[in-house]
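I have a structure I would like to understand better, so I am pasting it below and will then ask my questions one at a time.
A note on names: the letters A, B, ... follow the listed sequences, proteins ahead of strands, and every chain is numbered from 1.
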Amino acid sequence: MTALPAAPALTPPARRFRRLRRDYFGSPASALMTLASLGILLGLGWWLMNWALLDATFSAAATQAECVQAGGACWSVIAARWRVILFGIYPYDEQWRPSFACAVVAGIILLSCLPRMWSFRRLALTWGLGAAGFYILMRGGILGLSVVNEQQWGGLPLTLFIFVATAVAGMPLAILLALMRRSELPVVARVTGWIIDTIRSLPLLSILFTFAIVVPFMLPGFLIGEKLYRVICGAALFFAAYQAEIIRGGFQGIPRGQDEAAKALGLPYWQRMSRVLLPQAFRLALPATINQFVVAFMETSLVVVVGFIDLLAAGNTAYKTGEWKFAYVEVYAFVAAIYFLFVFGLSRYGAYLEARMNAGHRKE
Amino acid sequence: MDLTAPAIAIRDLNKFYGTFHALCGLSLTVRKGERVVVCGPSGSGKSTMIRCINQLEEHDSGEIRVFGTLLDDNLASIDAVRREVGMVFQHFNLFPHMTVLENCTLAPILVRKTPRAVAEALALKFLEKVRILDQASKFPGQLSGGQQQRVAIARALCMQPEILLFDEPTSALDPEMIAEVLDVMVTLANEGMTMICVTHEMGFARKVADRVIFMDKGEIVEEAAPAAFFEAPRNERTRLFLSEVLAH
């Protein structure tokens, strides 16, 4: 038998082309679906481009009549009111301070995302300095800065602050709850289970109300504190109850032999948890954890019900003055774009972390 | 820890899983430097017995002493025993999120408070001993089963234990990888390590064991030196078991 000549391998572009043809034009029906979908997408894109860019009005000086005549989006409302949307009722002349404060928060978040920063000392230093910087900028009272009470904070820095503080306070609490839920002591495990289930059965709104309005009646004066921090405590508790169950789910995916191997090596409880089990639990729970962060970020907008002007609420106040009442779509689009920026970044970072963690586990 | 006492002294050990009587009044003494192979059908309590020695299983009654230290409700004595008793598992149980080297240095650094540099030098020495030095910076998931089990042995050795327990160390391995793990175990045995080894590798038992123990239904049915054990088993159950494992 003579050997057949080896068939040449397809070049990558050729393979991709064949793939495309098979996936999208493999049958008349799928070809039709592909063309129809393309048509709809192009039509939508064209309409959106006209509305958002070509027919839009950008000048802050434009009036409603000019906007309506142009026919497109009226970005004038953003040009005129962006400081209200971003900073709420923070005193106008001091608004450079929340700008810097936002930059500080964004800076420490970005720094913490770098793997080379992942040591306890570096993170603690970054967050300690960052929190102090944020607080001094926002509240003032020293370094010649005038005092701006928490009640006057608003817009993006308030949203970021509530989110970051909720996560920073909620995550250690979540780990603690998850460990207690898994305790070998039946009393501890059961009571923790009840606590978690109780918190999860309450709506976040009712928890925020309770911490903002009811709790002050139950605490001695020196413990009441600023409303903002009480609300953050409530949000952190809510976050922790959900995140604790996510971490517990991660624990359940770890083979029992891991804990046994760590025990056999003589590692005491806290080192078994911190070095062997928690890192693996977090790896398994990462997709759900990122999801939980995204939800927590969205839920910051609920603080409006206890009187805080977060980013979304500030957007609402920005157009509700008579002259811009017609332009609410543009305001919401602008606010949505800001949320999108953060949440999309968070999701991409989650995907990066997953890829990075999987790299070490790859089978050859 | 009294190194002049017997390495392991078990007296009248009982263990229940629910109503199932897993260990029925078992007694066993192992001298320092002795190499004991434990065999028996599955469910006979072999694994349960050696897992009681480092308290991965709690026994219900009876007495276990490791170098004179009594294993009771005192957590400090359990910690002390675990520091001196290494264990190698059927499924390796390497920590997947750490490199081979980190797997080996974790416990010495945290438990023995060995300085990192010293712990790493020690780990490299033992990785060389199990002939896997070139894989030190890889993750367990990148290694074959035989390689992983040799790393697991090195990890146990890094704690410089007085006793090593092997719980069916070759049962989860592909046939071509069993020899490389057994070679390492033979080397350790010849160096005088105190070993209790649950295994069905009868060739290994013949070659290195001072004593072979046959267990069935939670009891020690027969124990003897390998020559006597394999050539002239006294008990009917032993004979049946040997005819089954040696048949092929």
Side-chain angles (χ1 to χ4, degrees), chain A residues 115-116 118-121 175 179 182-186 188-189 247 249-287 289 350 352-364, chain B residues 47 50-51 53-58 75-76 78-100 102-112 135 137-145 147 151-152 155-161 163-165 167 172:
Chain A
R116 58 180 301 177
W118 294 346
S119 78
F120 178 78
R121 198 183 307 166
I175 293 172
L179 293 180
R182 282 173 41 85
S183 167
E184 285 173 14
L185 312 174
V188 175
I247 296 173
F251 268 112
Q252 284 175 342
I254 304 174
R256 211 175 51 138
Q258 291 290 312
D259 193 34
E260 291 180 346
K263 276 181 178 167
L265 285 167
L267 293 172
Y269 176 83
W270 286 109
Q271 292 177 349
R272 290 205 303 277
M273 293 304 138
S274 64
R275 300 304 189 94
V276 177
L277 296 183
L278 273 172
Q280 296 189 60
F282 265 100
R283 180 178 160 264
L284 291 168
L286 185 67
T289 301
Y352 156 77
L353 275 187
E354 260 180 77
R356 180 189 154 86
M357 286 176 173
N358 285 333
H361 293 259
R362 197 181 44 231
K363 287 252 176 200
E364 270 185 339
Chain B
S47 290
I50 69 165
R51 286 160 60 87
I53 296 170
N54 63 358
Q55 288 291 287
L56 291 185
E57 303 285 351
E58 286 173 36
L75 295 178
I78 294 179
D79 284 342
V81 165
R82 283 178 179 165
R83 282 196 291 274
E84 302 307 332
V85 179
M87 190 171 211
V88 176
F89 298 84
Q90 180 178 358
H91 295 289
F92 333 134
N93 299 350
L94 294 176
F95 304 133
H97 57 300
M98 298 180 192
T99 64
V100 165
E102 287 164 347
N103 264 279
C104 292
T105 56
L106 180 74
I109 291 173
L110 293 180
V111 180
R112 290 246 191 254
Q135 315 280 356
S137 57
K138 286 198 179 170
F139 285 90
Q142 296 169 303
L143 305 181
S144 73
Q147 290 173 322
V151 171
R155 177 175 71 174
L157 289 174
C158 283
M159 280 295 281
Q160 299 182 290
I163 304 170
L164 263 187
L165 308 174
D167 189 0

Problem set entry | CD on A:Glu260 to CG on B:Asn54, rounded to 0.5 Å | 9.0 Å
For this session: For residues A:Lys263 and B:Arg82, report the shortest heavy-atom separation together with the two atoms involved.
Result: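 Taking every non-hydrogen atom into account, O-CD, 3.0 Å.
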Problem set entry | Where B:Pro96 and A:Gln258 come nearest, the two heavy atoms and their spacing | CD-OE1, 3.4 Å
Exercise. Which atom names give the shortest non-hydrogen contact between B:His97 and A:Arg275, and what distance separates them?
Worked result: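 Here B:His97 and A:Arg275 meet closest at NE2-O, 2.8 Å.
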Problem set entry | Interface residue of largest heavy-atom contact number with chain B, from A:Leu267, A:Val276, A:Asp259, under 4.5 Å |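 Among the listed options, the one with the most contacts to chain B is A:Val276.
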Exercise. Checking heavy atoms, do the side chain of B:Leu110, its backbone, both or neither come under 4.5 Å from chain A?
Worked result: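 Backbone plus side chain of B:Leu110, per the 4.5 Å heavy-atom cut-off to chain A.
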Problem set entry | Interchain contact, B:Leu165 with chain A, by part (heavy-atom threshold 4.5 Å) | neither
Problem set entry | Heavy-atom proximity to chain B below 4.5 Å, by part of A:Gln271 | side chain
For this session: Please indicate whether A:Gln252 has more than 12 foreign heavy atoms, meaning atoms of other residues, nucleotides or ligands, lying under 6.0 Å from its CD.
Result: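 Counting other residues, nucleotides and ligands, CD of A:Gln252 exceeds 12 neighbours.
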Exercise. How about B:Phe95 and A:Leu265: do any of their side-chain heavy atoms sit closer than 4.5 Å?
Worked result: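 Yes - at least one pair of side-chain heavy atoms lies under 4.5 Å apart.
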Exercise. Of all of A:Gly266, A:Ala261, A:Pro268, which one pairs up most often with chain B through heavy atoms under 4.5 Å apart?
Worked result: A:Ala261
Exercise. Taking the side chain from B:Gln55 and the backbone from A:Ala264, do they hold a donor-acceptor pair closer than 3.5 Å?
Worked result: no
Exercise. What part of B:Arg51 lies closer than 4.5 angstrom to a heavy atom of chain A: side chain, backbone, both or neither?
Worked result: side chain
